[in-house]
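Structure first, commentary second.
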There are 2 protein chains.
Amino acid sequence: MIPLYILGLLMRFGPQHGYRIKKLMEEQLEDFTQIKLPTVYYHLEKMEAAGLITAQRDKQGERTEKTVYLVSNGGIDKFKELLQQTLQIQYRPTFDIDGTLYFSDSLDRGALTDSLSRHVSSLKKTLDELELHRNATMVHIPEDCKISANIIFEHHILHYQAELTWAEQAWKLLKEDEAYGKS
Amino acid sequence: MIPLYILGLLMRFGPQHGYRIKKLMEEQLEDFTQIKLPTVYYHLEKMEAAGLITAQRDKQGERTEKTVYLVSNGGIDKFKELLQQTLQIQYRPTFDIDGTLYFSDSLDRGALTDSLSRHVSSLKKTLDELELHRNATMVHIPEDCKISANIIFEHHILHYQAELTWAEQAWKLLKEDEAYGKS
DNA sequence: ATAATAATAGTCAGTACTGACTAAAGTGAA
DNA sequence: TTCACTTTAGTCAGTACTGACTATTATTAT
């Protein structure tokens, strides 16, 4: 997905340094990618080698020069190809916490329910923040992207809510089982 | 997470070949990890080097010998440590399809809604299969793990349902916008 | 018995990712 | 104006992962 993001951002916001691309990702895509800066540079180099983007040394006065990247014609084609391609992707999540649960018989039952209730509070907090963040972010989003940006926020909110529902339900089941196991 | 899974499975089902560990993962953990066989071997080697497990050459008769791994004392400690550690993990999903959506102004609107309705059907199918799979898998799960196994299945089901709700809602919004845009 | 196919048990080289680091330019406060 | 702190702009070495491959043993169909 990262080359798609890079190409898309370069096309939407014009030529940028690697660092600015990363900043744009945070500003624009923060809630749906958590890529790190060195990874951006890694892909920029690969993409330049593949002829998708062109590097230009950006020297102003006496400053040490920096590298600005811009999309080439091949990059535009690749962008469309990637966009088509990613439409095919399947939803198939994995949840790290499931591993812990599967082996939870090795774990003190109290630690597990405690952890789940921390999870519940954390999710509630995140949901609140997400609402705030939606408002804050929307300001930076170009007008014609607002519909999709909203759909993306909805996406996250629905999944956080699902996670919350699940965590509360799981907590309850484990508590009941605990009570039953003791009797 | 993988070392946790490997240690847990070796403790629960006794010493195994790398290949069998992978099979157990499919049987027991299929719906919450999608690790590949070479990755299992990679971790087995690392874990042996770290003294968490011990390799034993398993030679029966004239056959070429194979390697069986068993958990060492250090491994038991590490398992408990990892279990504690993974209790802290935060839920923070990313969805590849969001990238496509964010750049969907470069995309034919019909292609997008088509893709979303394919997504909807695919999710419905997956939800049905998940129900079937739950029944099929439960047979292989040790009695004392059934509660947690069920909670794990619920986890997946709730998120698939959330994804379904979202996809249907997104499809509707885009269709409405399309109609509005035309008028 | 035997040829074909599937399951078992790996190896290895190449790709992807990132923590920890460097270093310059800007900023603000005393 | 200079010291401390933040932001910008990157590099590099090491870790994690896996596609594509090999090779042996089991099963099944003929």
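We name chains A, B, ... by the order of the sequence lines, and we start the count at 1 in each one. No hydrogens, no waters, no symmetry mates; every other heavy atom, side chains included, goes into these values.
- For C/dT8, one of the phosphate oxygens OP1 or OP2 lies less than 4.0 angstrom from a side-chain nitrogen or oxygen of B/K23.
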- Task: Test B/L4 against B/Q85 for side-chain contact (heavy atoms from CB on, under 4.5 Å), laying out the working first.
- Result: CA-CA 10 Å; B/L4 177 73; B/Q85 210 173 292; over 6 Å; no
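- A search for side chain to side chain donor-acceptor pair (under 3.5 Å) contacts involving B/N150 returns B/R134, not counting sequence neighbours.
- A/S72 approaches A/G51 most closely through the heavy-atom pair OG-O, 2.7 Å.
- Distance A/Y41 OH to C/dC21 P: 19 Å, rounded to the nearest Å.
- Dashed line: the shortest gap from a side-chain N or O of A/T67 to OP1 or OP2 of D/dG10 is under 4.0 Å.
- Scored by the side chain to side chain donor-acceptor pair (under 3.5 Å) test, A/S121 finds no partners at all (sequence neighbours excluded).
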Do any side-chain atoms of residues 93-105 of chain B form donor-acceptor pairs under 3.5 angstrom with protein atoms, and if so which ones, sequence neighbours left out?
from: B/D98; atom 1: OD1; to: A/H155; atom 2: ND1; distance (Å): 2.6
from: B/D98; atom 1: OD2; to: A/H156; atom 2: NE2; distance (Å): 3.2
from: B/T100; atom 1: OG1; to: A/T86; atom 2: OG1; distance (Å): 3.0
from: B/Y102; atom 1: OH; to: A/R12; atom 2: NH1; distance (Å): 3.4
from: B/Y102; atom 1: OH; to: A/Q28; atom 2: OE1; distance (Å): 2.3
from: B/S104; atom 1: OG; to: B/L101; atom 2: O; distance (Å): 2.7
from: B/D105; atom 1: OD1; to: A/R12; atom 2: NH2; distance (Å): 2.8
from: B/D105; atom 1: OD2; to: A/R12; atom 2: NH2; distance (Å): 3.0

In residues 16-23 of chain A, what donor-acceptor pairs under 3.5 Å come from side-chain atoms, sequence neighbours left out?
from: A/Q16; atom 1: NE2; to: A/F13; atom 2: O; distance (Å): 2.8
from: A/Q16; atom 1: NE2; to: A/G14; atom 2: O; distance (Å): 3.3
from: A/H17; atom 1: NE2; to: A/D58; atom 2: OD2; distance (Å): 3.2
from: A/K22; atom 1: NZ; to: A/E26; atom 2: OE2; distance (Å): 3.2
from: A/K22; atom 1: NZ; to: A/I35; atom 2: O; distance (Å): 2.8

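- Residues from residues 6-22 of chain A with heavy atoms under 4.0 angstrom of DNA chain D, sorted by number: A/H17, A/G18, A/Y19, A/R20.
- The CD-P distance, from A/Q56 to D/dA9, rounds to 16 Å in whole Å.
- Among residues at least two apart or in separate chains, there is no side chain to side chain donor-acceptor pair (under 3.5 Å) pair with a member in residues 37-48 of chain B.
- In this structure, A/T33 has no side chain to side chain donor-acceptor pair (under 3.5 Å) partners at least two apart in sequence or on a different chain.
- When the C1' atoms of four end pairs are superposed on the next four at each end of the helix from C/dA1-D/dT30 to C/dA30-D/dT1, using five pairs per end, the two resulting axes differ in direction by 30°, to 10°.
- Applying the side-chain contact (heavy atoms from CB on, under 4.5 Å) rule to A/S106 yields the partners B/F79, B/L83; only residues at least two apart in sequence or on another chain are considered.
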Look for any protein N or O under 3.5 Å of an N or O in nucleotides 15-19 of chain C and output each such pair with its distance, or none.
from: C/dA16; atom 1: OP2; to: A/Y42; atom 2: OH; distance (Å): 2.9
from: C/dA16; atom 1: OP2; to: A/K46; atom 2: NZ; distance (Å): 2.8
from: C/dC17; atom 1: OP2; to: A/H43; atom 2: NE2; distance (Å): 2.5
from: C/dT18; atom 1: OP2; to: A/T39; atom 2: OG1; distance (Å): 3.0

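- Under the salt bridge (Lys or Arg N to Asp or Glu O under 4.0 Å) criterion, the residue pairs touching residues 70-88 of chain A are A/K78-A/E81, with sequence neighbours excluded.
- Residues meeting the side-chain contact (heavy atoms from CB on, under 4.5 Å) test with B/Q84, sequence neighbours left out: A/L107, B/L87.
- Distance B/K66 NZ to D/dA26 C1': 10 Å, rounded to the nearest Å.
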